[in-house]
There are 2 protein chains.
Amino acid sequence: MTIGALGQATGVGAETIRYYERIELLPQPARTSGGYRVYRPEHVRRLNFIRRSRELGLSIDAVRELLSLASDRLRPCARVDRLVRDHIHDLDHKIEGLQKLRSALQRLADSCRGGGRVSECRILEALQEAEEALAGPDVECAEEDCAGRRASDKQPKPRRERRA
Amino acid sequence: MTIGALGQATGVGAETIRYYERIELLPQPARTSGGYRVYRPEHVRRLNFIRRSRELGLSIDAVRELLSLASDRLRPCARVDRLVRDHIHDLDHKIEGLQKLRSALQRLADSCRGGGRVSECRILEALQEAEEALAGPDVECAEEDCAGRRASDKQPKPRRERRA
DNA sequence: GCTAGACCTTGTAGCGACTACAGGGTCAAG
DNA sequence: CTTGACCCTGTAGTCGCTACAAGGTCTAGC
Ligand SMILES: [Zn+2]
Ligand SMILES: [Zn+2]
Ligand SMILES: [Zn+2]
Ligand SMILES: [Zn+2]
């Protein structure tokens with residue numbers, strides 16, 4: 001099958017497929033004499049796995065690790081679980097942050113009658129004036145490993161070269 | 001004051017300030033004979049406005065519009081309100097999306113005992129196997145203008161040149 | 001006056017995960 | 001053999017910064 005057919009079969013655009021190949025998330029497929037990529041059913045399976053993982057919000061690196069773990073069928077699946085649970089935990093932080101923003105914005109929006117002039121708009125005043133803790137201070141996470149994981153995120157990650 | 005002092009006064013890094021100048025969010029300041037940027041109190045006010053808006057999650061373009069609205073003191077503030085309320089609405093969508101992801105992931109994580117081998121891990125199975133609607137279908141928003149606003153987001157936006 | 005060192009300058013590239021071209025080549029049907 | 005749908009590579013754009021490198025400026029102390 002061609003790249004277009006693979007795209008149809010998986011719901012992933014052709015340009016994204018080529019991108020995945022470039023970053024070595026998909027292996028290089030065979031080619032026709034004219035240079036067209038030729039895909040096989042195992043590519044469909046792998047790409048579907050990738051798409052579903054991405055739809056769940058997992059990062060490309062997490063997907064990469066899941067794929068590598070999945071190929072080692074005898075290994076314990078603890079690391080798989082941890083990847084997923086860490087991602088849930090990250091989501092919790094993200095959701096909480098957005099909810100805080102939302103309520104700060106709601107307070108702001110409620111303070112304006114909406115019918116006045118810009119010169120008397122409470123929204124603009126609040127943005128212009130001195131600190132009143134628009135968003136509250138952020139409390140730190142109770143979870144054990146959270147700080148550690150977040151710190152290790154900062155670690156410089158070995159970069160891959162393009163065109164190996 | 002120099003760029004470093006402005007950064008201290010507003011809590012914005014010097015490189016970010018230069019970036020804001022490049023994208024014309026901050027006006028070009030005066031310079032010393034040696035080429036150093038020289039800022040005045042009105043820059044501090046403007047940059048504080050920008051920082052607070054950004055902390056609330058408003059996009060650079062929204063901040064740009066707020067700043068331009070704020071300068072027209074006799075104009076009605078309806079547009080200001082709408083910007084903020086639209087942003088709240090966007091946040092609601094984002095939060096809802098993340099919560100859906102979260103519960104899909106939670107179901108996935110719960111299905112794994114965690115002590116087994118990769119070969120029998122339910123998480124990997126679910127990612128590998130055929131569709132079972134990992135994330136549910138997304139219902140459309142009841143809000144009137146939501147679809148319209150989202151469509152106009154797709155409109156090609158006139159791009160600004162660098163180095164005008 | 002001279003030097004050390006803190007600060008500043010420009011320009012460029014990187015992040016994540018794509019997406020959108022341009023300018024050409026290939027393939028199958030009619 | 002022509003048409004037109006598909007494919008190829010390579011590059012640049014998205015967003016909002018952030019991190020350099022290589023050099024210039026300013027100020028305080030001697
Ligand atoms: Zn108002
Ligand atoms: Zn945490
Ligand atoms: Zn498992
Ligand atoms: Zn909506």
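Just so we're on the same page: letters track the sequence lines, and every chain starts at 1.
The existence of a salt bridge linking B:Arg107 and B:Asp110 is excluded, since no basic side-chain nitrogen approaches an acidic carboxylate oxygen closer than 4.0 Å. Between B:Glu125 and B:Arg122 there is a salt bridge, with a side-chain nitrogen of the basic residue lying less than 4.0 Å from a carboxylate oxygen of the acidic one. Classification of A:Arg37 and A:Glu21 as a salt-bridged pair holds, one side-chain N sitting under 4.0 Å from a carboxylate O. A salt bridge links A:Arg79 to A:Glu65: one of the charged nitrogens lies within less than 4.0 Å of a carboxylate oxygen.
Taking side-chain N and O atoms only, A:Tyr20 has a distance below 4.0 Å to OP1 or OP2 of C:dC18. For B:Arg18 and C:dT9, the shortest distance from a side-chain N or O to OP1 or OP2 is below 4.0 Å. For the OP1/OP2 pair of D:dT9 and a distance below 4.0 Å, the side-chain nitrogens and oxygens of A:Arg37 include at least one atom meeting the criterion. OP1 or OP2 of C:dC8 sits under 4.0 Å from a side-chain N or O of B:Thr2.
Mapping B:Thr32 and B:Thr16 onto DNA chain D via the closest heavy atom, the residue that lands nearer the 5' end is B:Thr16. Between A:Gly13 and A:Gly34, the residue anchored nearer the 5' end of DNA chain C, judged by the nucleotide with its closest heavy atom, is A:Gly13.
Contact of the A:Met1 side chain with the A:Val38 side chain is not registered, since no non-hydrogen atoms from C-beta on lie closer than 4.5 Å. You'll find the side chain of A:Leu83 stays beyond 4.5 Å of the side chain of B:Ile123, heavy atoms only. Side-chain contact check for B:Tyr39 versus B:Ile3: some heavy-atom pair is nearer than 4.5 Å.
A donor-acceptor contact under 3.5 angstrom links the side chains of B:Asn48 and B:Arg51, judged on distance only.
Remark: P of D:dG16 and CG of B:Asp61 are 7 Å apart, rounded to the nearest angstrom. Rounded to an integer number of Å, the gap from CE of A:Met1 to C1' of C:dC27 is 17 Å. Nucleotide D:dC17 holds its P atom 12 Å from the CG atom of B:Leu58, rounded to whole Å. Between the CD atom of A:Glu21 and the P atom of C:dC18 there is a distance of 15 Å, given to the nearest Å. Summarising the geometry, the separation between CD1 on B:Ile17 and C1' on D:dG16 is reported as 15 Å, rounded to the nearest angstrom. The distance from atom CZ of A:Arg31 to atom C1' of C:dC27 is 16 Å, rounded to the nearest whole Å. Per the geometry, CD1 belonging to A:Ile60 stands 11 Å off P belonging to C:dT19, to the nearest Å. Atom pair B:Ile3:CD1 and C:dC8:C1' shows a separation of 8 Å (rounding to whole Å applied).
Residue contacts for A:Arg54: at a heavy-atom cut-off of 4.0 Å it reaches the sugar-phosphate backbone alone, with no base atom in range.
When distances are taken from the side chain of B:Ser59 to each of C:dC18, C:dC7, D:dG16, the shortest belongs to D:dG16. Picking from C:dA17, C:dT10, D:dC17 the nucleotide with the shortest atom distance to the side chain of A:Tyr19 gives C:dA17. Side-chain proximity of B:Arg22 to the nucleotides D:dT18, D:dG24, D:dG16 is greatest for D:dT18. Comparing D:dC8, C:dC8, D:dA19 by their nearest atom to the side chain of B:Glu15 picks out D:dA19.
Rounded to 10 degrees, the angle separating the terminal axes of the helix from C:dG1-D:dC30 to C:dG30-D:dC1 is 30°, with each axis obtained from five end pairs.
Within 3.5 Å, a donor on the side chain of B:Tyr36 pairs with an acceptor on the base of C:dC7, or the reverse.
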